[in-house]
Amino acid sequence: MRATSILRTLLALQDTLVSGLEFTAESLIVDVKPTWHRARCGECRRKGPSEGGRTRSWRHLDLAGIKCVLRYRIRRVNCRHCGVKTEHVPWAESGSRFTEPFEAHTTYLAQCNDKTTVTRLMRIAWETVGKIIQRVVRRHRGEVDRLDGLRIIGVDELSYRRHHKYVTVVVDHETGEIIWAAEGKSAETLTQFFTLLGPERCAELEAVTIDMSAAYIKAVTEASPEATIIFDRFHVQRLASKAVDEVRRDEVREAEVDDKKALKKTRWALLKNPWNLTDFESRKLDQLQRTNQRIYRAYLLEEALAAVLDCRYIWLARSKLDEWLSWASRSRLRPFVKLARTIRQHREGILEYVRDRLNNGRVEGLNGKARTITRRSYGFHSAASLISMLFLCCGGIHAYPAHIYPFWTH
């Protein structure tokens, strides 16, 4: 059996012939060419007249630990539809210097490993890994339109570069996958998504879960006024927890030295759920009830708001929320007076949570996964790299290692 025939089987590339090979100090260079004679356009893949080009190389998967490089004199095609374009080759995407099996294997490793492992194993730079991921994601996303059939979506922002820059992420609640992402967190950023969605598909949206961002509210109401806006329950409770902590800080700041000792180690007791309190924390709360009425009143307001959101009937939740707003407004606690004004402005969206029980928990969960990806990659310098990794790991893309079998047939 000839060496070129063996190499053709080992390379396992469709529509590819091996015409020669050469060993260098660092790699095995394999001369290849397409099985067809007439050159094809690199964009539309139509056949057309061609002229001489230049020699180009593509990295392929290593053979027995030896770096493998494919070499071919690529032609220029005078396509009547696209103009003068580089010839299409069957082993790589147009514009890429890596074969498709190499890119698939790199993508699989990047999906489940840190960057050091990927760069050392594949012997490429991390910046190159990012470009490969962008190409693979673009290829996968071109196969299926994930914006079709959307009914319930969640919108949230994700920070990167030490919370100085943001990416807006849209998640399908029914599939749990990221369907769109873009740099920024303004109304104009989210409007890009609705523009891509189009008026007909915007009209099919039934509900959108968001936090209380004025920019997101504006974008949703303008693009899809029929959709129900549901404010995230946990975002509302986080505002209440923040108000409790502000009251505690104010009291500690103004307390005498002896009173400050009594307020020590109360922070987490005030923020925890009652059923998660330790015996020590329960005693601390009992002590607060006797020694500091303002902090204890803030704690009761926080728990009362959580009870309102736990209601199963919309009419009961509406009544209880009105009572809570009246209590908070008269509480003489500045953070809770401010919180009452905020909740009153977003009252209907908060009550929609009680009706539909939808929240941004799925989106926040994906954000947690995204932060793990960011830490694993030691941060991202650009939004494009972060978005590509988000789609790769959270967008329903299933990457697999490039396994080749010895009796593969062309």
Side-chain angles (χ1 to χ4, degrees), residues 1-79 82-110 118-125 127-136 138-139 399-410:
M1 192 173 185
R2 293 183 301 175
T4 53
S5 300
I6 295 174
L7 272 176
R8 185 184 180 190
T9 303
L10 291 175
L11 294 177
L13 297 170
Q14 288 187 343
D15 300 320
T16 304
L17 296 175
V18 176
S19 57
L21 60 100
E22 176 187 347
F23 283 99
T24 66
E26 295 183 352
S27 62
L28 166 65
I29 300 177
V30 183
D31 293 311
V32 294
K33 61 182 180 181
T35 54
W36 53 75
H37 296 289
R38 291 193 66 190
R40 301 182 181 182
C41 173
E43 288 195 8
C44 66
R45 302 195 180 183
R46 292 186 175 96
K47 295 179 181 179
S50 62
E51 54 187 22
R54 55 179 179 173
T55 302
R56 184 173 293 181
S57 300
W58 293 263
R59 271 290 304 278
H60 188 52
L61 295 172
D62 293 353
L63 291 178
I66 302 174
K67 184 188 291 187
C68 181
V69 178
L70 306 187
R71 185 172 60 188
Y72 173 63
R73 187 171 180 80
I74 198 165
R75 298 168 285 184
R76 292 188 296 271
V77 181
N78 188 6
C79 179
C82 309
V84 179
K85 298 292 178 181
T86 305
E87 175 187 8
H88 162 67
V89 291
W91 53 82
E93 183 181 330
S94 179
S96 173
R97 291 302 185 93
F98 303 92
T99 64
E100 290 187 3
F102 186 94
E103 291 191 344
H105 201 73
T106 303
T107 303
Y108 169 75
L109 291 173
V118 180
T119 54
R120 286 180 178 175
L121 187 60
M122 303 306 292
R123 291 188 275 194
I124 52 177
E127 185 179 349
T128 305
V129 175
K131 292 178 180 178
I132 289 174
I133 291 170
Q134 290 178 27
R135 278 195 296 271
V136 172
R138 189 168 59 245
R139 235 173 8 237
Y400 299 98
H403 289 156
I404 298 173
Y405 299 94
F407 296 103
W408 186 88
T409 56
H410 292 269

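For clarity, every value in this text was computed on a predicted model and none was experimentally measured.
Within 6.0 Å of NZ on Lys67 lie more than 12 heavy atoms contributed by other residues, nucleotides or ligands.
The aromatic rings of Trp91 and Tyr72 stand perpendicular to each other, their planes meeting at an angle above 60°, with 30° marking the opposite boundary.
Counting heavy atoms from C-beta outward, Arg56 and Thr86 have side chains that approach closer than 4.5 Å. The closest side-chain heavy-atom distance from Arg40 to Val77 is not below 4.5 Å. Using a 4.5 Å cut-off on side-chain heavy atoms (C-beta onward), Leu109 and Val129 make no contact. Taking the side chain as every heavy atom from C-beta outward, Ser19 and Asp31 approach each other to under 4.5 Å. Counting only heavy atoms from C-beta outward, the side chains of Val32 and Trp58 never approach each other to under 4.5 Å. Counting heavy atoms from C-beta on, the side chains of Phe102 and Leu70 never come closer than 4.5 Å. By the 4.5 Å heavy-atom criterion applied to side chains, Ile29 and Ser57 are not counted as neighbours. Within the 4.5 Å cutoff, side-chain heavy atoms of Ser96 are placed close to those of Glu103.
Of the charged side-chain nitrogens involved, none lies within less than 4.0 Å of a carboxylate oxygen, so that Arg123 and Glu26 do not count as a salt-bridged pair.
Atom-to-atom distance recorded for Leu7:CG and Leu13:CG is 11.0 Å, nearest 0.5 angstrom. Rounding to the nearest 0.5 Å gives a distance of 6.5 Å between OG of Ser94 and CD of Glu43. We find the CZ-NZ distance between Arg46 and Lys85 to be 13.5 Å, quoted to the nearest 0.5 Å. Rounding to the nearest 0.5 Å places CD1 of Ile66 at 9.5 Å from OG1 of Thr24. Of the inter-residue distances, the one linking Arg139 atom CZ with Glu93 atom CD reads 4.5 Å to the nearest 0.5 angstrom. Distance check, rounded to the nearest 0.5 Å: CZ of Arg71 to CG of Leu21 gives 9.5 Å.
Using modelled atom types, no side-chain atom of Arg59 and backbone atom of Arg97 make a donor-acceptor pair closer than 3.5 Å. One N or O on the side chain of His105 and one on the backbone of Ala402 form a donor-acceptor pair closer than 3.5 Å.
Screening Thr106, Thr128, Leu61 for a side-chain contact (heavy atoms from CB on, under 4.5 Å) involving Phe98 leaves a single residue, Thr128.
Scanning all heavy atoms of the two residues, the minimum distance from Thr107 to Ala399 falls at CG2-CB, 4.1 Å. Here the closest heavy-atom approach between residue Leu17 and residue Pro34 is recorded as CD1-O, 4.3 Å.
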Are Leu11 and Cys68 close enough, and set up right, to give a side-chain contact (heavy atoms from CB on, under 4.5 Å), and what steps lead you there? CA-CA 9 Å; Leu11 294 177; Cys68 181; 4.0 Å; yes
Criterion side-chain hydrogen bond (donor to acceptor under 3.5 Å, both in side chains) on Glu87 and Ser50, from CA distance to verdict: CA-CA 8 Å; Glu87 175 187 8; Ser50 62; over 6 Å; no
